[in-house]
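Here the structure comes first, spelled out in structure tokens, and everything after it is commentary.
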2 protein chains.
Amino acid sequence: MDQVEIFKALSNKTRLQILGWLKEPELNFPEQPNADFENVGVCVGQIQLKSGLSQSTISEYLSILQRAELISSTRVGQWTYYKRNKEGLEKLSEIIHKAL
Amino acid sequence: MDQVEIFKALSNKTRLQILGWLKEPELNFPEQPNADFENVGVCVGQIQLKSGLSQSTISEYLSILQRAELISSTRVGQWTYYKRNKEGLEKLSEIIHKAL
DNA sequence: TTGGTATATCGGGAAATTCCGATATACCTT
DNA sequence: AAGGTATATCGGAATTTCCCGATATACCAA
């Protein structure tokens, strides 16, 4: 993954907030009946609700974060759940230590 | 410093390269007669030469990196020398560990 | 003081990003 | 099959970023 694309993904207030929310889903989202936060993540609708932005914008932002390998997704029925991608975040730490 | 501004500063190929070059100036720049890399940094002209972009662009890029507290500058005569800001880079690591 | 060199700032055209509403797709229920 | 819900994709107006050349400023040397 291109380093610049990772930092572009992070250079937006809402996208940074989403990553923060997904770090502690139980504090930031209401309980989910059918999926646990740790294994599956949080569904798009909840993230959109919390952000206050439009559905299309949030869907696009999530895909930008996913292309940067900062989050990953799971489809369950009609819902898509997103959660943090720990490997990608670890890689980002390495970039900062080794390249900058 | 605003987190978004830090990531915006990093979301450009040339600016990332500059930070990389400044990590190991002795490998990336010719010897300087009047200033040592470790204490003072590298002057704007050398960075511009290496980047291949215009003088005005590099001057602006350096000021963007400085506003994000990723580099710092020292004026010596008619030259401005820039070097890495270790505290700022450390702060960036913390952001990634604590906020994302 | 005059001229030369290094850097910063200004103004702007082109390209990218932000965020939206409309629409398409996928899946579920009946 | 038909209608409903969740998400993705499309098209676009407004804003921001990229990068330039021209110009301003700061300092030095003669």
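Quick caveat, the model's predicted, so the values are computed rather than measured. A, B, ... follow the sequence lines: proteins, then strands. Residue 1 opens every chain.
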For this session: Give one of base, sugar-phosphate or nothing for B:Tyr81, where a contact means two heavy atoms less than 4.0 Å apart.
Result: nothing
Exercise. Hey, is the main chain of A:Lys8 close enough, under 3.5 Å, to the side chain of A:Ser11 for a donor-acceptor pair?
Worked result: yes
Problem set entry | Residue pair A:Thr57 / A:Leu53: nearest heavy atoms and the distance that separates them | CG2-CD1, 4.0 Å
Seminar exercise, completed: Ordered by number, residues from residues 7-24 of chain B within less than 4.0 Å of DNA chain D (heavy atoms) are B:Lys8, B:Ser11, B:Asn12, B:Arg15
Exercise. For the residue pair A:Leu70 and A:Ala9, what are the closest heavy atoms and their distance?
Worked result: CD1-CB, 4.2 Å
Problem set entry | Separation of atom CG in A:Leu49 from atom C1' in D:dA6, rounded to whole Å | 13 Å
Problem set entry | Rounded distance in Å - CG (A:Leu53) to P (D:dT7) | 16 Å
Exercise. For residues 55-62 of chain A, which residues have at least one heavy atom under 4.0 Å from DNA chain D?
Worked result: A:Gln55, A:Ser56, A:Ser59
Exercise. Does the pair B:Glu38/B:Lys86 count as a salt bridge with the N-to-O cut at 4.0 Å?
Worked result: yes
Seminar exercise, completed: Taking every heavy atom of A:Lys23 against every heavy atom of B:Leu100, the minimum-distance pair comes out as NZ-O, 2.9 Å
Problem set entry | Heavy-atom closest pair, residues A:Ile96 and B:Ser93 | CG2-OG, 3.7 Å
For this session: Over 60° means perpendicular and under 30° means parallel, so classify the ring planes of B:Phe29 and B:Trp21, tilted if in between.
Result: perpendicular
Problem set entry | Residues B:Glu69 and B:Lys91 bridged, charged N to O under 4.0 Å | yes
Please list, pair by pair, any protein nitrogen or oxygen found under 3.5 Å from a nitrogen or oxygen in nucleotides 1-5 of chain C.
from: C:dT5; atom 1: O2; to: B:Gln78; atom 2: OE1; distance (Å): 3.0

Problem set entry | B:Ile6 reachable from A:Val4 in the ILVMFWY side-chain graph, under 4.5 Å edges | yes
